[in-house]
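Below you'll find the structure, written out as structure tokens, and then a few comments.
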Amino acid sequence: MQPIVCATRGGEASRRTQERAAALAKERGASLVFLYVADCGFAGPLSPTLETAMNDELMRLGGSLVSIAKVRAQEQGVDAQVVVLCGEVRKSIQEYLRQVDAGMLVIGASRPAPEVETSHRGSVDAFADAIRQATGVEVVIVGPD
Amino acid sequence: METLLTAEVVVTLLIAIATLVAIVARRARLPYTVSLVLVGLVIAVWRPVDIQVTPELILSTFVPPLIFEAAFQLDFRTLRTNLGSIVTLAVPGVLITALLVGGLVAAGTGLPFGVTVVFGALIAATDPVAVVSLFRALGAPKRLASAVEGESLFNDGTAIVVFRLALAAAVAGTFHPIGGLLNFGKVALGGLAIGLALGWLVARLMARIDDRLIETTLTTLLAYGAYLLAEYFHVSGVLAVVAAGLFSGNVGLAGASPTTKIMLYNLWHFLAFLANSLVFLLIGLAVDIPDLWANRGAIAVAVAAVLIGRAVAVYSLSWRPPGKGKIPFKWQHVLFWGGLRGAISLALALSLPATLPHREALQAMTFGVLLFTLLVQGTTIQFLLKRLGLVESSEHRLATEAQMGRLFASQAGLRRLEQLHRDGLLTDEMWAGLRADYNQATRQVVGKIRQLFHDHAELEREMLLQARREALLAERGALSDALRRGLISEATYDDLGTEIDNRLEALALIQSSAQDGWAAEREG
């Protein structure tokens, strides 16, 4: 069975997405991977030592956030894996989906500010479409409550 | 020797008062600088010792560290986004304010324009210390704080230059516009050039030396040296310090180790706090209340003129087509009402020569405007920020803080009950009943915190970053402890300490970038 990958930013705001991913994995008997992508290049050019520290801290922060998701999945009876990557978000997700031959990607449409709701949902849809076209993997979007 | 000891006693007393005020202001949630001015006023009425507040004391002792620290901390990348608006407000803005305020005060009081324009120039320099510290406390957008602080840094320099030109014209009785403009350019550019040259020199030295004590001493030398050298060559000392601070903080620090950076930030933070505390206390001390009362009419005119001058300068010069670097309309209101006056205006008013006609009236108007901006604008700016929705997310932060506070208190209560039970002072039944009650309350609080994290994801990330920071600081403390106890060598301590400092700096960058992102959502 191809694994289900849940790309998440972690935390309470992503709980619904993570629980849905765990439920889908349980239903299909698939393995589940929580994937966190840290945008390591946001700060611009840094000294090598600071860059190493920055990337490491971002990865640790991401690791802490997705570890919470792993615990939640365990509570639902699903033993999930946690993967933290560093790089541009969409590209990293696409590469990872290909690498593990994923069967499904689960992403969340976080709760946006009311005035940007339409465009926000639109941007999540466009993000999902781009990944679908590039990898052929089914993408499930979990909306906010 | 006796004079030195007396001065030492006075300074120690002033520092003790400032510290006490800081503690009380923090507990009572009062603006610190405003509290200092009020306490200064009370001391001025009581007058236990005679303190001579001289312009030299303010300008050459307190202004260099204040300006240097502000410029040193200012991120040039953030400043660059607002640079056009900042320079516009700091150069033409100061000229507009000086002329308009001078004209309005002349019309309202009957004083000659040649004299009132001197007042217009000295009152054009803004001092946003009270406002910027409030921005930080309330979590206002960083770019807004940078715009307010950047404008103040540059307009201090231009206001002093314009003030000197206006004063020379008032004393001589004539003014040559072309000569004045050339002199303005010479003084301003000369100051900037000296600051940049010394900043570059110190940066080169810092790149070659890896010793935090020497590097810290070099920046102290730079702050005072730039001011003194520029003044020696009769160019702008304040602009020299601005340029030196900006260069040093943005370029000079690039080669410094994280440990040096942390030491430098802490030192300058402390020096600026000390200088600010003493300056605002001295503002209160310098005010002569009977004199203010005698000039109340002129002061009322001056306050109105300063508000009109500031409004015209901000709203007319901030206009530009929408796009990068445009100051949003909401921010313009903050720039207008947040244009407080402070140390520079005080020092310039005190430096007015005794031969200048209407000197006492100009000084009374300056003190009146200072008190108005500090006591009225300084205490109401937070309502404006809230009203404009520039700190709206702080409500969520306050709610989270409140729930966290409840959680800490509840945990402490439960621990105490457990101890009472262990000591046999609480029966098993009572302990079980109370524990169930406390656990239920804790679950409710945790539920509310989760809901806040769910609705505002940034709060959860902030908390994780804060927790990580606390952990790293604890690691740093443990290293110091191990060094003291002789468990590790100084070399190991330095290596491991640098590693932790790198991580702390990385966390600060992550946090500041995240805050910028969240702030950007509510800037428009």
**Q.** Rounded distance (nearest 0.5 Å) linking atom CD of B/E460 with atom CG of A/L65
**A.** 6.5 Å
Q. Out of curiosity, A/E12 CD to B/L459 CG, how far, rounded to the nearest 0.5 Å?
A. 12.0 Å
Q. Should we say atom CZ of B/R212 is surrounded by more than 12 heavy atoms from elsewhere, each under 6.0 Å from it?
A. no
**Q.** More than 12 heavy atoms of other groups within 6.0 Å of A/R20 CZ
**A.** no
Q.
What's the separation between atom CG in B/D501 and atom OG1 in A/T49, rounded to the nearest 0.5 Å?
A. 11.0 Å
List the atom pairs, with distances to 0.1 Å, where a side-chain N or O of residues 126-139 of chain A and a protein N or O form a donor-acceptor pair under 3.5 Å, not counting sequence neighbours.
residue : atom : partner : partner atom : Å
A/D129  : OD1  : A/R132  : NH1          : 2.6
A/R132  : NH2  : A/V139  : O            : 3.3
A/T135  : OG1  : A/I131  : O            : 2.7
A/T135  : OG1  : A/V137  : N            : 3.2

**Q.** Region of B/R468 that comes under 4.5 Å of a non-hydrogen atom in chain A
**A.** side chain
Q | Intermediate values then yes/no, side-chain contact (heavy atoms from CB on, under 4.5 Å), A/R60 and B/R503 | A | CA-CA 11 Å; A/R60 284 179 88 142; B/R503 290 182 177 278; 4.0 Å; yes
Q: Measure the CG-CD distance between B/N502 and A/E57 for me, rounded to the nearest 0.5 Å.
A: 10.0 Å
Q. Could you state the interatomic distance from CG (B/L465) to CG (A/L61), rounded to the nearest 0.5 Å?
A. 5.5 Å
Q: Test A/R16 against B/H454 for side-chain contact (heavy atoms from CB on, under 4.5 Å), laying out the working first.
A: CA-CA 10 Å; A/R16 204 173 133 84; B/H454 176 264; 5.6 Å; no
Q) Does CZ belonging to B/R387 count more than 12 external heavy atoms closer than 6.0 Å? A) no
